Structure formats: C-alpha cells, structure tokens
Amino acid sequence: MNWKTLFDMQKELDHYILTQHDLQTENIFDKKVLALLVEIGELANETRCFKYWSVKPPSKKPVIAEEYVDGIHFILSLGLDLGLDTYESDDKASDHDVTTLFHQVFQAITTLKADKSLTTYRTLFDTYVSLGQVLGFSPEDIKKAYMDKNKINFERQNQGY
C-alpha cells in the first residue's frame, strides 16, 4: 500500500493541531510516542486478545478499526517528524498471532523512542501493518477508516477538544 495520501492528510492535521495549540516550536515527539503506546493499549483492549480469563467476544470490527487507525495517525505523525512524507509498507503476511504482534509493536515503539532512525521507524510501521492484516483489515479498510477518523479529529479540534 502506498501511504502518500494519508501522510498528506496527517501533515495537514498535525499543522492544524500545532497551530491551534501554539505548539509550533515545541518538540512533542516523546508525547506522540506515549500517545501511540496508549492507543495501542486501547486497541488491544478492544480486541480482547490477551483476556484469557474472559469469554466476552472482541468489539465489533468498526470499533477495532477506529482504534487501529488512531495508531496509524500517530505512526504517520512520527514519520513526518522523522522527515518522511510517504512510505511503501511491506504488506507481507505475518505468521504471528495477535498477542505476539502487540508485543512486537510495543517493543518497536519503545525502540523508536530510543533510536529515532528510519530503520526503527520502518520496523514499527511494518509490524503495525502486519497487526492490521492479522486483525482482518485490508488496505482499503485502513484507508477508509483513517479518512473517517481524520475528519472526526478535525471536527474535535474545531469544537475545542
């Protein structure tokens, strides 16, 4: 999948947020990293993949998709901070289960915080795309869910979120 369109949309949203909150001169990379970790935790909670003690099913696919693209928003934003404005994801199928992929995503985020290189960013991006695939999302699903949530994010900013 080519992510150029979503990077462009994220760049516009990031600029709008930074301007709205007068953060143009602030370095908020580490805050974005923490926000991403929180969003991934929220996604895991909706999938319930780790709740071995519960028989309650995962949330419906649209709920999981919205949580998943919250992570995409922050991953794209971090990429922009690293100077990227496009990316070609690996898109190869993963043979890992959902829980393992969540662990790998958390590890990749932590590694990126310590090593802000394009190599570590690519590892994070590709691992997160693999997680999306294992969760059952096609590139089209991701793009649509991202666009829907991006619109909501702009509306929230306009409403003083």
Side-chain angles (χ1 to χ4, degrees), residues 1-19 21 23-50 58 61 64-150 152-154:
M1 178 168 152
N2 184 324
W3 294 85
K4 176 70 173 149
T5 301
L6 302 189
F7 267 103
D8 291 344
M9 292 174 70
Q10 188 63 46
K11 186 175 190 175
E12 186 178 337
L13 178 62
D14 284 357
H15 176 75
Y16 190 72
I17 291 170
L18 293 175
T19 302
H21 297 276
L23 297 169
Q24 299 92 324
T25 60
E26 300 289 323
N27 181 351
I28 58 172
F29 191 91
D30 286 352
K31 290 182 181 187
K32 290 179 185 180
V33 168
L34 180 56
L36 178 56
L37 287 165
V38 170
E39 293 299 339
I40 303 309
E42 290 177 2
L43 173 62
N45 199 47
E46 295 299 337
T47 70
R48 303 182 60 80
C49 66
F50 63 94
K61 191 172 181 179
I64 294 173
E66 184 172 338
E67 292 297 338
Y68 180 79
V69 297
D70 283 346
I72 292 289
H73 274 86
F74 284 106
I75 290 171
L76 293 173
S77 186
L78 290 166
L80 290 166
D81 287 352
L82 294 173
L84 294 176
D85 65 358
T86 190
Y87 190 75
E88 288 287 333
S89 56
D90 192 335
D91 291 346
K92 65 180 178 186
S94 175
D95 58 353
H96 295 295
D97 65 20
V98 175
T99 302
T100 299
L101 284 166
F102 271 110
H103 282 286
Q104 290 177 351
V105 168
F106 278 115
Q107 182 63 51
I109 295 166
T110 303
T111 301
L112 181 65
K113 183 184 180 306
D115 176 18
K116 297 172 179 72
S117 71
L118 295 181
T119 300
T120 56
Y121 179 79
R122 285 185 184 103
T123 299
L124 168 59
F125 205 121
D126 289 340
T127 306
Y128 199 66
V129 168
S130 293
L131 176 61
Q133 291 171 340
V134 170
L135 291 173
F137 299 123
S138 70
E140 296 77 25
D141 294 335
I142 294 168
K143 189 172 186 177
K144 181 182 180 333
Y146 177 90
M147 291 178 165
D148 291 346
K149 187 62 185 271
N150 189 268
I152 290 168
N153 286 340
F154 268 106

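Keep in mind the model is a prediction, meaning the values are calculated, not measured.
Applying the salt bridge (charged side-chain N to carboxylate O under 4.0 Å, His left out) rule to pairs touching residues 98-108 yields nothing, sequence neighbours excluded. The ring pair (Phe, Tyr, Trp, His ring centres under 6.0 Å) analysis of residues 98-120, with sequence neighbours excluded, yields no pairs.
The main-chain N or O of D115 is found under 3.5 Å from a side-chain atom of T120 such that the two form a donor-acceptor pair.
Partners of Y128 by ring-ring contact (aromatic ring centres under 6.0 Å, His included), not counting sequence neighbours, listed by chain and number: Y68. Residues passing the ring-ring contact (aromatic ring centres under 6.0 Å, His included) test with F125 are W3, Y87, Y121, sequence neighbours excluded. For K144, the salt bridge (charged side-chain N to carboxylate O under 4.0 Å, His left out) test picks out D148, with sequence neighbours left out. With sequence neighbours excluded, the residues forming a side-chain hydrogen bond (donor to acceptor under 3.5 Å, both in side chains) with K32 are S77, D81, listed by chain and number. Among residues two or more places apart in sequence or in another chain, the ring-ring contact (aromatic ring centres under 6.0 Å, His included) test is passed with F154 by Y16. Residues passing the side-chain hydrogen bond (donor to acceptor under 3.5 Å, both in side chains) test with E12, sequence neighbours excluded: none. For K31, there are no salt bridge (charged side-chain N to carboxylate O under 4.0 Å, His left out) partners, not counting sequence neighbours. Residues satisfying the side-chain hydrogen bond (donor to acceptor under 3.5 Å, both in side chains) test with E140, not counting sequence neighbours, are S138. For K143, the side-chain hydrogen bond (donor to acceptor under 3.5 Å, both in side chains) criterion is met by no residue, not counting sequence neighbours.
Summarising the local packing, NZ of K113 is surrounded by 12 or fewer heavy atoms from other residues, nucleotides or ligands at distances under 6.0 Å.
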Would you list the atom pairs, donor with acceptor, under 3.5 Å between side chains in residues 33-45 and any protein atom, with sequence neighbours excluded?
residue : atom : partner : partner atom : Å
N45     : OD1  : K51     : NZ           : 2.8

